[in-house]
Amino acid sequence: MQLFKKNFGVCPSKYIITKKLEYASTLLIETELSVTEIASKLNFSNSSKFSLNFKGKFLYTPLQFRKKYRELK
């Protein structure tokens, strides 16, 4: 774990969550999957936990993120 953190700057669990959230942003943009479906697909325990993590990274809830992207398009 120390080697991983040294190379990537974060512990493995945070790295995995970050990658999941980045993929979730792609799914929100490119698909019509619901937030619940995306949360389930990415193995979050529930959609609330997913939304909380997503907002922590992107400053918007998943639905706000999708709406903002579509407004910009």
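Keep in mind it's a predicted model, so treat the numbers as computed, not measured.
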Colleague: What closest approach, in Å, do S47 and A39 show between heavy atoms, and which atom pair accounts for it?
Modeller: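 Looking at all heavy atoms of both residues, the shortest contact is CA-CB, 3.8 Å.
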Colleague: Does S40 reach the main-chain N or O of E37 with its side chain, forming a donor-acceptor pair under 3.5 Å?
Modeller: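 No, the answer is negative, given that no donor and acceptor are paired below the 3.5 Å cut-off.
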Colleague: Atom NZ of K57 and atom CD of E22: how far apart are they, to the nearest 0.5 Å?
Modeller: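 So the gap between those two atoms works out to 5.0 Å.
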Colleague: Do L52 and L21 belong to the same hydrophobic cluster, where Ile, Leu, Val, Met, Phe, Trp and Tyr are linked whenever their side-chain heavy atoms lie under 4.5 Å apart, directly or via other members?
Modeller: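 Each belongs to a different hydrophobic cluster.
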Colleague: Any side-chain heavy-atom pair from K67 and L63 closer than 4.5 angstrom?
Modeller: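 Counting from C-beta outward, K67 and L63 never come under 4.5 Å.
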Colleague: Could you tell me which residues satisfy ring pair (Phe, Tyr, Trp, His ring centres under 6.0 Å) with Y69, sequence neighbours excluded, listed by chain and number?
Modeller: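 Scan of Y69 (ring pair (Phe, Tyr, Trp, His ring centres under 6.0 Å), adjacent residues dropped) gives none.
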Colleague: Heavy-atom count around E71 CD within 6.0 Å, excluding the residue itself: above 12?
Modeller: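 Atom CD in E71 is crowded, with more than 12 foreign heavy atoms closer than 6.0 Å.
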Colleague: Would you please test N53 and I17 for side chain to side chain contact (heavy atoms under 4.5 Å, CB included) and show each step?
Modeller: CA-CA 8 Å; N53 279 276; I17 289 171; 3.9 Å; yes
Colleague: Ignoring hydrogens, what is the shortest heavy-atom contact between P12 and F4? Give both atom names and the distance.
Modeller: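 In this case the closest contact between P12 and F4 is CA-CE2, 3.5 Å.
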Colleague: Testing the basics here: between R66 and I38, what is the closest heavy-atom pair and its distance to 0.1 Å?
Modeller: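 Looks like NH2-CD1, 4.2 Å.
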Colleague: If two hydrophobic side chains count as joined below 4.5 Å and joins carry through other members, does Y23 share a cluster with F54?
Modeller: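 Yes; tracing contacts between hydrophobic side chains, which count when under 4.5 Å, links both residues.
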Colleague: Report yes or no: do F58 and L33 belong to one cluster of Ile/Leu/Val/Met/Phe/Trp/Tyr joined by side chain heavy-atom distances under 4.5 Å?
Modeller: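 Yes, same cluster.
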Colleague: Grouping I, L, V, M, F, W and Y whenever their side-chain heavy atoms are under 4.5 Å apart, do Y60 and F44 come out in a common cluster?
Modeller: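 Yes.
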Colleague: What heavy-atom pair brings R70 and T31 nearest, and what distance separates the two atoms?
Modeller: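 Scanning both residues, the minimum pair turns out to be NH2-O, 3.8 Å.
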Colleague: Is there a path of hydrophobic side-chain contacts, each under 4.5 Å between heavy atoms, that joins I29 and L42?
Modeller: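 I29 and L42: one cluster.
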